[in-house]
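Just so you know, these numbers use all the heavy atoms, side chains as well, and skip hydrogens, waters and symmetry mates. Being a predicted model, the structure only gives us computed values, none of them experimental.
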Amino acid sequence: GITIQSAATFTTWGDSHVNIIDTPGHVDFTIEVERALRVLDGAILVLCSVSGVQSQSITVDRQMKRYNVPRLAFVNKLDRTGANPFKVIDGLRGTLGLNAAAVQIPIGLEGDHEGVVDLIRNVSYRFQGPKGEEVVEGPVPAELEEEVKRRKMELIEKLGEVDEEIEELFVMEEEPTMEVLKAAIRRQTIANKFVPVFMGSAFKNKGVQSLLNGVVDYLPNPTEVPNTALDLEKDEAEVPIPCDPNGPVVALAFKLEESRFGQLTYMRVYSGTIKKGASLLNVKSGKKTKVPRLVRMHSNEMVEETQAAAGDVVAMFGVECSSMDSFTDGSTSLAMTSMFVPNPVMSLAVKPKDNAAGDKFAKALGRFTKEDPTLRIHTDQESKETILSGMGELHLDIYVERMAREYDVACEVGQPQVNYREAIRRKAEFNYLHKKQSGGSGQFARVVGYVEPSGIELTAGTGDGFEFVNEVIGTNIPPEFIMSCEKGARDAMDKGALTGSPMTGVRVVITDGQAHAVDSSDMAFRIATAGAVREVTAKAQGQVLEPIMSLEVTAPAEFQGGIVANLNKRMGVIQGSDMSDNGLDVLIKADVPLAQMFGYSTDLRSSTQGKGEFSMEYKAHEPVNRDTQERLVAEYRATFAEK
């Protein structure tokens, strides 16, 4: 299987306490990586020694750069057939643009993998025992001495490109001591100018101990990372937060999880100390909450804690909040900035199979959106469908499955309806009489006029393009009924004659009419105008309009041809393309009908090896082709006949 949720744990390594969050690698669950990087001080980029830099490695690298998180790289699976760690390092430099160099080289690869040689200490480490827990230190194997010298020179050279002290020694042809080299690596790793590369086989615990040494030696501790918060009393001015356990409490809830004990809220403490039983203020809602229980997570096990100080990652029960809410002790008005939340790329229409499950359905959606900011829910105003939007098919499938498993709500899932519109192409006149007599006062109203295209195109900022014009001279239609005529014309816009879609871009002009002294009323003129407009628009050469989306696709340049061909197949019109500064990526802009975009995220990922991304937004409504219009009209009439 694959990981779909991040898991938190902690360990003590030497004299250091290390909080670890393991995140999923699948692109649909990228928010788990996003939220972890938002709160952690350092990261380990894990790469496969066979596959090298993959599509998700590119996404994670982009996220690390967004939050300026220093990182180590770990080349894993050296015991697999085809392992080549130095090809992976070339990928780090070429594809990700990182200044990376190995701090270790392997002793054997594939089935012969035994351990690693530490280039800085000039010793070898072999990992023995059933789980590689016995680390045996020894001299550098004779057959690797030349390779060690060459790789160490490469390390010093790469480090010298960004570190003045190492550069001076390199120019003077002096070899830096172990202490100088380690200090330089730490300095430039924290400054995000260098990435030390470790290697091994995590499954067999080979190289993991050295990696943990690297975490302690080269990644920053919480006091070395500059964090800032927003001061809400000073118009959200940025202020630095020192990592001080004696300062005012400032914490960020970065992840929510439902457990058998209730909502579990993961917190990163940036300042101060949170104690069990103390009160916390939710900055967003203004509510005060007592901390009934404080735990440190060890995967799915919990270790009870009485307090958590600045720099800690802990979890709490009984704290009602949303993901990315800030908490203080009430003595300060600081709030932490949220994380970057990518836009959804896929939508589904969902509804419970059993209408009686409506309350549970709403409760489930409320909780899911609270814990996952990439899951969006809205009700389409026209179709009244509940639309669930997320990062991909697997992402949405898991929430539909969770609804059935956790809330006993089975759902029907389908494609969302496309919001078509109708327009007219020519002028058409009407002379319509509404007359009703049923004892007592009846209804009487005659309206005369015409409809024509208003010339206002339906785009993101224009509204529905409807216009009503009163050209009645005299009082054939009394002035008090003109407003009712406009309301009637608007009523007719709600449902067109071709597909039952709302009408747009129509100008209704009233030129004359007739009223009755007793039987005319607001309602009579409203019904008459609505009937007149509905009748005449059917004769005004109606046309169906479909939503056109402005689409931007970003992918490696090598896939440009396939992407353009796919968009052409989807009736897209290419508007242009731009190469990135480094020439590796291409940005393609196109206008594509929304009806053709269902399933595009899956298509794009499979055609670009998962490296392509896209975003789209509504641009305008434009006429469909004749075949599509005939099909839509036939479908509407068939549905109408069934009713």
Quick one: do [X] and [Y] make a salt bridge, cutoff under 4.0 Å?
{"X": "Glu452", "Y": "Arg507", "value": "yes"}
{"X": "Arg38", "Y": "Glu34", "value": "no"}
{"X": "Asp61", "Y": "Lys65", "value": "yes"}
{"X": "Arg570", "Y": "Asp603", "value": "yes"}

How long is the straight-line distance from CE of Met483 back to CZ of Arg526, given to the nearest 0.5 Å? 11.5 Å
Euclidean distance, Phe254 CZ relative to Met324 CE, rounded to 0.5 Å: 7.5 Å
Just wondering, more than 12 heavy atoms not from Arg626 lying within 6.0 Å of its CZ? no
For Arg367 and Glu406, what are the C-alpha separation, side-chain angles and deciding distance, and is it a salt bridge (charged side-chain N to carboxylate O under 4.0 Å, His left out)? CA-CA 11 Å; Arg367 196 192 110 205; Glu406 295 174 25; 3.1 Å; yes
Taking the cut-offs as 6.0 angstrom to the six-membered ring centre and 45 degrees off its axis, would you call Lys427 and Tyr450 a cation-pi pair? yes
Test Val350 against every option in Ile387, Leu388, Leu396 by the side chain to side chain contact (heavy atoms under 4.5 Å, CB included) rule and name the one that passes. Leu388
Starting from the C-alpha separation in whole Å, work towards a yes-or-no answer on side chain to side chain contact (heavy atoms under 4.5 Å, CB included) for Ile588 and Gln560. CA-CA 8 Å; Ile588 300 167; Gln560 183 172 0; 3.9 Å; yes
Relative to the ring of His516, is the ring of Phe444 parallel (under 30°), tilted (30 to 60°) or perpendicular (over 60°)? tilted
Under the criterion side chain to side chain contact (heavy atoms under 4.5 Å, CB included), I'd like the reasoning laid out for Tyr266 against Val39: C-alpha separation, chi angles, the key distance, then a yes or no. CA-CA 11 Å; Tyr266 288 80; Val39 297; over 6 Å; no
Is it true that Asp372 and Tyr399 share a donor-acceptor pair across their side chains at a distance under 3.5 Å? yes
